[in-house]
Q: 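There's a structure below that I have some questions on.
In this chain, numbering begins with 1 at the start of the sequence shown.
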Amino acid sequence: MFQPVKIAPSILSADFMHFAQDIEMIREGGAGYIHFDVIDGHFAPNLTVGVPVLKQLRKYTDMPIDVHLMITNPLVQLPWFLACKPDMVTVHAEALTAEGDLRKAVDMIHEAGSKACVSIKPKTPVSALAPVIASLDMVLVMSVEPGFSGQSYIQGTDQKVRAVVELARAAGTSPLIQVDGGMGLKTAPLVAAEGADVIVCGNAVFGAEDPRQAIADIAAAADKARLAALQKQGRE
Ligand code: DX5
Ligand code: ZN
């Protein structure tokens, strides 16, 4: 069945001096989530925002907050973020490679009442998701190397989205699939056609002349591609 794609504007491209206004703007524009990028300067080369900002944001809005943790020690730091009650938390498979750690992180997120998502970087194979795929609410496929907004989409990520759909199907499950990095009017349709449900946009929304309109336009382009793909498969 056709489900519309959701846009998750990334706060990395927001104006922190007018943060509340930017949050209102994306709500009015119809954003599905606030994508909250946390980078610790170790896991990826940037240092962004953390727990105090998340705490304030949670108090300010009831919009769904999706926290993308690009950090080296998620098992240590997860409780800090979970205490802020975000709707969804994403951890990276590359930061949880020791036996059982990925499972531990997913269980920790669920026990705190949030939804759990696992992300893979561009060079990480989809098979890294296999041990936990059946427990996930969402999978995040990175379409750039984590670190900065404004990078270009890595070609072929759409095929990786397809591979996640297949892995999930084989496991009898269907988590949401999110794609993050270099998403915009031209690239969102590519991944939506292969099964992406949530599109993260930094630059393409906050850098647009009219960010509200940009959210609507990217969502419409992605939905169109998604519907066309479904019709091709004869499901709609
Ligand atoms: C990158 C972050 C992204 C990024 C997206 O490490 O995870 O969320 O800010 O920005 P754009 O859409 O500009 O590539
Ligand atoms: Zn992100």
Q: Can you pull the ring pair (Phe, Tyr, Trp, His ring centres under 6.0 Å) pairs that have at least one residue in residues 49-73, sequence neighbours excluded?
A: His35-His68, His68-His92
Q: Just do the side-chain contact (heavy atoms from CB on, under 4.5 Å) check on Leu54 and Phe81 with the steps written out, would you?
A: CA-CA 8 Å; Leu54 181 60; Phe81 290 96; 3.8 Å; yes
Q: Identify the two heavy atoms, one from Pro86 and one from Arg58, that lie closest to each other, and give their separation to 0.1 Å.
A: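 Of all heavy-atom pairs spanning Pro86 and Arg58, the closest is CA-NH1, 4.0 Å.
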Q: Using a distance-only test with no angle check, is there a side-chain donor-acceptor pair under 3.5 angstrom linking His18 and Asp15?
A: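 Side-chain D/A pair, His18 to Asp15: present.
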Q: Give a yes or no on whether a salt bridge exists between Glu24 and Arg27, defined as a side-chain N under 4.0 angstrom from a carboxylate O.
A: yes
Q: With no hydrogens and no angle check, is any side-chain donor or acceptor of Asp210 less than 3.5 Å from a backbone partner on Gln213?
A: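 Confirmed, Asp210 side chain pairs with Gln213 backbone.
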Q: Any link between Met142 and Leu190 through a network of hydrophobic side chains (Ile, Leu, Val, Met, Phe, Trp, Tyr) touching at under 4.5 Å?
A: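 Unlinked, Met142 and Leu190 end up in two clusters.
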Q: Check whether any side-chain heavy atom of Ile11 lies under 4.5 Å from a side-chain heavy atom of Phe206, and answer yes or no.
A: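 The answer is no; the side chains never approach within 4.5 Å.
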Q: Between Arg162 and Asp158 (salt bridge meaning N to carboxylate O under 4.0 Å), is one present in this structure?
A: no
Q: Step by step, would you call Val144 with Ser152 a side-chain contact (heavy atoms from CB on, under 4.5 Å)?
A: CA-CA 7 Å; Val144 299; Ser152 299; over 6 Å; no
Q: At their closest point, which heavy atom of Met183 faces which heavy atom of Val200, and how far apart are they?
A: CB-O, 3.2 Å
Q: Could you tell me whether Asp197 and Arg226 make a salt bridge, using a distance below 4.0 angstrom between a side-chain N and a carboxylate O?
A: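 Looking at Arg226 together with Asp197, the answer is yes, because their closest N to O distance falls below 4.0 Å.
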Q: Checking side-chain contact (heavy atoms from CB on, under 4.5 Å) for the pair Ile34/Ile23: CA distance, chi angles, key distance, verdict?
A: CA-CA 8 Å; Ile34 301 169; Ile23 298 300; 4.0 Å; yes
Q: Would you sort out whether Asn203 and Gln151 count as a side-chain hydrogen bond (donor to acceptor under 3.5 Å, both in side chains), showing the intermediate values?
A: CA-CA 9 Å; Asn203 222 32; Gln151 302 182 72; over 6 Å; no
Q: Can you give me the closest heavy-atom contact between Ile120 and Ala128, atom names plus distance?
A: CG2-CB, 4.3 Å
Q: In Å and rounded to the nearest 0.5 Å, what is the CG to OG distance from Leu102 to Ser135?
A: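 It comes to 9.5 Å.
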Q: Would His110 and Asp137 count as having a side-chain donor-acceptor pair, cut-off 3.5 Å?
A: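 A pair is found: one side chain offers a donor N or O, the other an acceptor, under 3.5 Å apart.
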Q: For Lys104, is there an ion pair with Asp101 - N to carboxylate O distance below 4.0 angstrom?
A: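 Salt bridge present between Asp101 and Lys104.
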Q: Give the intermediate values and the outcome of side-chain contact (heavy atoms from CB on, under 4.5 Å) for residues Thr90 and Val67.
A: CA-CA 6 Å; Thr90 300; Val67 177; over 6 Å; no
Q: Counting distance only, does the side-chain N/O of Thr48 pair as donor-acceptor with the main-chain N or O of Asp37 below 3.5 Å?
A: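 Yes, because the side chain of Thr48 sits within donor-acceptor range (under 3.5 Å) of the backbone of Asp37.
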Q: Check the hydrophobic clustering (I, L, V, M, F, W, Y; side-chain heavy atoms under 4.5 Å; chains of links allowed) and say if Met70 and Ile65 are grouped together.
A: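 No, it is not one cluster - the side chains of Met70 and Ile65 are not joined through contacts under 4.5 Å.
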Q: Asp223 and Val5: which non-hydrogen atoms are nearest, and at how many Å?
A: OD1-N, 2.7 Å
Q: With a 3.5 Å cut-off and no angle check, do the side chains of Gln77 and Asp40 form a donor-acceptor pair?
A: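 The answer is no; no qualifying pair exists.
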Q: Look at the side-chain heavy atoms of Ile, Leu, Val, Met, Phe, Trp and Tyr, link any pair under 4.5 Å apart, and say whether Phe148 and Leu69 land in one connected group.
A: no
Q: Are Lys160 and Val126 packed together at the side-chain level, in the sense that at least one heavy-atom pair is separated by less than 4.5 angstrom?
A: yes
Q: Is any side-chain heavy atom of Val165 closer than 4.5 Å to a side-chain heavy atom of Ile177?
A: yes
Q: Tell me whether Val49 is reachable from Val91 by hopping between hydrophobic residues (I, L, V, M, F, W, Y) whose side-chain heavy atoms are closer than 4.5 Å.
A: yes
Q: Would a 4.5 Å heavy-atom cut-off, applied to side chains only, mark Asp66 and Phe36 as touching?
A: no
Q: As an exercise, state the distance from NZ of Lys232 to CG of Leu230, rounded to the nearest 0.5 Å.
A: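 Interatomic distance, Lys232 NZ to Leu230 CG, rounded to 0.5 Å: 12.0 Å.
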Q: For Gly182 and Thr187, which heavy atoms make the closest approach, and how far apart are they?
A: O-OG1, 2.8 Å
Q: When rounded to the nearest 0.5 angstrom, what is the spacing between SG in Cys201 and CD1 in Ile7?
A: 5.0 Å
Q: Looking at Phe43, is Lys121 sitting on its ring face, NZ or CZ under 6.0 Å from the six-membered ring centre and within 45 degrees of the normal?
A: yes
Q: Would Ser13 and Ser149 count as having a side-chain donor-acceptor pair, cut-off 3.5 Å?
A: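 Yes, a side-chain donor-acceptor pair sits under 3.5 Å.
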Q: If you define the side chain from C-beta out and look only at heavy atoms, does anything of Val139 sit under 4.5 Å from Leu176?
A: no
Q: Could you tell me whether the side chain of Val191 reaches within less than 4.5 Å of the side chain of Ser143, counting heavy atoms only?
A: no
Q: About how many Å separate NZ of Lys59 and NZ of Lys55, when rounded to the nearest 0.5 Å?
A: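 Output value for this atom pair is 6.5 Å.
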Q: Heavy-atom distance under 4.5 Å between the side chains of Val53 and Phe19, does that happen here?
A: yes
Q: Within this structure, what is the CE-CZ distance for the pair Met108 and Arg103, rounded to the nearest 0.5 Å?
A: 13.0 Å
Q: If you look at every heavy atom in Leu185 and Ala221, which pair is closest and at what distance?
A: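 Looks like CD2-CB, 3.9 Å.
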Q: Would one find more than 12 heavy atoms of other residues, nucleotides or ligands at under 6.0 Å from atom NZ of Lys6?
A: no
Q: Is any side-chain heavy atom of Leu167 closer than 4.5 Å to a side-chain heavy atom of Leu129?
A: yes
Q: Answer yes if Trp80 and Val106 sit in the same cluster of Ile, Leu, Val, Met, Phe, Trp and Tyr residues linked by side chain heavy atoms under 4.5 Å apart, and no otherwise.
A: yes
